[in-house]
**Student:** 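First the structure, which I've put down as structure tokens, then a few questions once you've had a look.
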Amino acid sequence: MITPRGLRSTPSARTVRIASGQGFWGDDLDAPVRQVRGGRIDYLMLDYLAEVTMSIMRKQQLRDPAAGYARDFVPLMARIFGDCVECGIRVVTNAGGVNPTECARAVAEVGRRAGAGGRARIGVVTGDDLMDRLDDLIAAGHALEHMESGEPLESVRPLVRSANVYLGARPIVEALRRGALIVVTGRSTDTALTYAPMVREFGWSWDAYDLLASGVVAGHINECGAQASGGNCSADWWEIPDLARVGFPIIEAGADGSFVVTKHPESGGVVTLRTVKEQLIYEMGDPTSYITPDVTADFTSIRLAPEGADRLRVHGIRGGPPTPFLKVSVAYAAGYKAVGTLVYSWPDAAAKARSAARILRERLDRLGLAFDRVLVELVGWDSTHGHLAGEPPPDLPEVQLRVGVRGPDRAAVERFTREIAPLVLTGPPAVTGFAGGRPRVQEIVAYWPALIDRAVVEPRLNVDVVEV
Amino acid sequence: MPRIPLLELAHARSGDKGDTANIGLIAYDPVDYPLILEQVTAERVKQHFGSLVGGAVERFELDNLCAVNFLLHGALDGGGTVSLMTDAQGKVFSTALLRMEIEVGEEVAMRVAGRGRHPGQGEGRAP
């Protein structure tokens, strides 16, 4: 057999292909199927969690104790379970949300129905949920101060809806080591879903920080799906081909930590310096100190080298030890909000919309309604760039008036929702777009990031591996 | 000296962390990266956004990517689920930064003219 450049294949030249299948709960439902069937992969990572997702899931679990996870994951597994068993593709996901155990149970059921009984194991990671321990932790001196304001969690304690620790790769690696084909976690970090397979496959030790940091960078590239392979790319976006069937990124990882970002042949999108750079700086803080539970990665050490069409080599990455803390994602109830809209047409569309907003404000004042915040935007003119858009021209064809209010008093927000439609008959002319009915009052569940001593969390982590 | 919008020199992506928007600004061509380093300072960016950013602006350099990362604190009306803004997650702060104008030499202005606009869509540079 001829190998590239006449080199003999050695174990160290082995690569592991880790495919990204979901970038958030609500992403392209068919992308994971295309990843599984479009070419060879070894792992499929599916990221379902964003900052506020856990609190939404908690709400669902309070209504139904068997809910509280990314439900999309179960019908997805019904479609690909057979492929995964046949091809030995392992699935690593944080779809478990606030209820990984029930999520795994539902997936096991799907596996049995797909004929995988006795042929697959499912790993479940638990222990990230601090909700039941919160009072004990606060009493023991863990103040869980807000990472930006410094306020102790006690100030909103009765309003807390969920509290979960961001976990790293260790429990996932443990589940893989025990033979899990599918690993379901709760609030694992997005990046761990990609680098846990690398740690497992290459046997990296937990103090090999440069290698772990390489894994984190690979994870950061994978975690937003097609955002690394042509989606939402601002550089010459019109030249990016075939986004209708965009290929999600695949990390082709080597034991030395270097890896290639690529995608399946025949898929849409592109992998270039530009698409990958845009993803690397996405949601970035201090690039020299990208903190994860397992390692602190230095994004200023990343080296990128194109290796032909849709192949970009990433290497040279350095890392350092993690901190003694883990990040906690707390969700708490923080009042109510509602947003109402109306559309005004030419002539003088913006002037009409602004006049309507003034009338509305005056009516709200007369009703004695107090809000923490009232925001008026003109969609079609200033809702994205604010004052940078300048003054709207009088011949603007149309504009959408968008008014939002926020406050602690549900009744006040409710009353606001009844003041939008009346403007149609009692305000400036040439107004439409109210057919959607009254705006909906939304309860605000806000995000409270905090740090906790890892020593009070890690001993309580649990990994179960069960036969389907 | 000609003034050109950053749109012609760089591409960008933005996102959020709580009430902070981040904007990564990436030079199309490495030769223009020093211009960005020199002129697109945290102070200039803070001034450009004005009342749209309540808190401080921080800048971090990634020479390896010919990119700079800005953190715009207090830019998202509380951020995430709290914010009333259409762009509650700062997704298009990137393009608001690309409006910013900087001074460049004639050679640069000629070389990058029209960059960043869909062919046939852009109105070109304002006179």
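Note on naming: letters A, B, ... go to the chains in the order of the sequence lines (proteins, then strands), and numbering restarts at 1 for each one.
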**Student:** Sort B/L65 into side chain, backbone, both or neither according to what part of it lies under 4.5 angstrom from a heavy atom of chain A.
**Tutor:**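 Interface part for B/L65: both.
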**Student:** Can any side-chain N or O of A/H385 pair as donor or acceptor with the backbone N or O of B/F93 at less than 3.5 Å?
**Tutor:** no
**Student:** Does any backbone or side-chain atom of A/R373 lie under 4.5 Å from a heavy atom of chain B? Answer side chain, backbone, both or neither.
**Tutor:**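 Contact with chain B: backbone and side chain both.
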**Student:** At a 4.5 Å cut-off on heavy atoms, which part of A/L280 comes close to chain B: side chain, backbone, both, or neither?
**Tutor:**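 Side chain of A/L280 only, per the 4.5 Å heavy-atom cut-off to chain B.
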**Student:** Please state whether the side chain, the backbone, both or neither of B/H73 comes within less than 4.5 Å of a heavy atom of chain A.
**Tutor:** neither
**Student:** List the steps, then state whether salt bridge (charged side-chain N to carboxylate O under 4.0 Å, His left out) holds for A/D236 with B/R115.
**Tutor:** CA-CA 9 Å; A/D236 301 346; B/R115 183 92 238 207; 2.8 Å; yes
**Student:** First locate atom CD1 of A/I281, then atom CD1 of B/I23, and finally report the distance between them rounded to the nearest 0.5 Å.
**Tutor:**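 Rounded to the nearest 0.5 Å, the CD1-CD1 separation comes out at 9.5 Å.
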**Student:** I need the minimum non-hydrogen distance between A/G285 and B/F60, along with the two atoms involved.
**Tutor:** O-CD1, 3.7 Å
**Student:** Determine whether A/S234 and B/R13 make a side-chain contact, defined as any pair of heavy atoms from C-beta on separated by less than 4.5 Å.
**Tutor:**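 When only atoms from C-beta onward are counted, B/R13 and A/S234 do not touch, as no gap falls below 4.5 Å.
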**Student:** First locate atom CG of A/L388, then atom CG of B/L98, and finally report the distance between them rounded to the nearest 0.5 Å.
**Tutor:** 11.5 Å
**Student:** Between A/E148 and chain B, which part of the residue has a heavy atom less than 4.5 Å away: side chain, backbone, both or neither?
**Tutor:** side chain
**Student:** Which atom names give the shortest non-hydrogen contact between B/T86 and A/S383, and what distance separates them?
**Tutor:** OG1-CB, 3.8 Å
**Student:** Pick one of side chain, backbone, both or neither for A/E239, based on which atoms fall under 4.5 Å of a heavy atom in chain B.
**Tutor:** neither
**Student:** Let's test your reading of the structure: which of B/S94, B/G78, B/S83, B/G90 forms the most heavy-atom pairs below 4.5 Å with chain A?
**Tutor:**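 Going by pairs under 4.5 Å, I would pick B/S83.
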**Student:** Compare every heavy atom of B/G116 with every heavy atom of A/W238, then report the nearest pair and how far apart it is.
**Tutor:** CH2-C, 4.0 Å
**Student:** By a 4.5 Å heavy-atom criterion (distance strictly below it), what part of A/A235 contacts chain B: side chain, backbone, both, or neither?
**Tutor:** both
**Student:** May I ask you to list the residues in residues 27-38 of chain B that approach chain A closer than 4.5 angstrom, counting heavy atoms only, ordered by number?
**Tutor:** B/Y28
**Student:** At a heavy-atom separation under 4.5 Å, does A/E377 approach chain B through its side chain, its backbone, both, or neither?
**Tutor:**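 Side chain only.
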**Student:** If we define contacts as heavy-atom pairs under 4.5 Å, which of A/L304, A/V379, A/N232 has the most with chain B?
**Tutor:**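 Between A/L304, A/V379, A/N232, the count favours A/N232.
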**Student:** So A/T384 and B/T95, do their side chains get closer than 4.5 Å, heavy atoms only?
**Tutor:** no
**Student:** Got a second to check how far B/N69's CG is from A/E283's CD, nearest 0.5 Å?
**Tutor:** 11.0 Å
**Student:** What distance separates A/L375 CG from B/D77 CG, expressed to the nearest 0.5 Å?
**Tutor:**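 It is 6.0 Å, given to the nearest 0.5 Å.
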**Student:** For the residue pair B/H11 and A/R274, confirm or rule out a side-chain donor-acceptor distance under 3.5 Å.
**Tutor:**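 The answer is no; no qualifying pair exists.
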**Student:** Counting only non-hydrogen atoms closer than 4.5 Å, does A/S55 touch chain B with its backbone (N, CA, C, O), its side chain (CB onward), both, or neither?
**Tutor:** neither
**Student:** Would a 4.5 Å heavy-atom cut-off, applied to side chains only, mark A/K277 and B/L62 as touching?
**Tutor:**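 Side-chain contact under 4.5 Å: no.
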**Student:** Treating B/K17 as the side-chain partner and A/M284 as the backbone partner, does any N or O pair qualify as donor plus acceptor under 3.5 Å?
**Tutor:**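 Absent.
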**Student:** Counting heavy-atom pairs closer than 4.5 Å to chain B, which one of A/T300, A/V339, A/V445, A/V403 comes out on top?
**Tutor:** A/T300
**Student:** Take atom CZ of B/R99 as the centre, draw a 6.0 Å sphere, and report whether it contains more than 12 heavy atoms from other residues, nucleotides or ligands.
**Tutor:** yes
**Student:** Would a distance-only check, ignoring hydrogens and angles, find a side-chain to backbone donor-acceptor pair under 3.5 Å from B/N64 to A/I302?
**Tutor:** yes
**Student:** Counting only heavy atoms closer than 4.5 Å, note whether B/M85 contacts chain A via side chain, backbone, both or neither.
**Tutor:** both
**Student:** In Å, rounded to the nearest 0.5 Å, how long is the span from CG of B/L84 to CZ of A/R402?
**Tutor:** 7.5 Å
**Student:** Side chain from CB out, backbone as N, CA, C, O: work out which of these in B/E61 comes under 4.5 Å of a heavy atom of chain A, or both, or neither.
**Tutor:** backbone
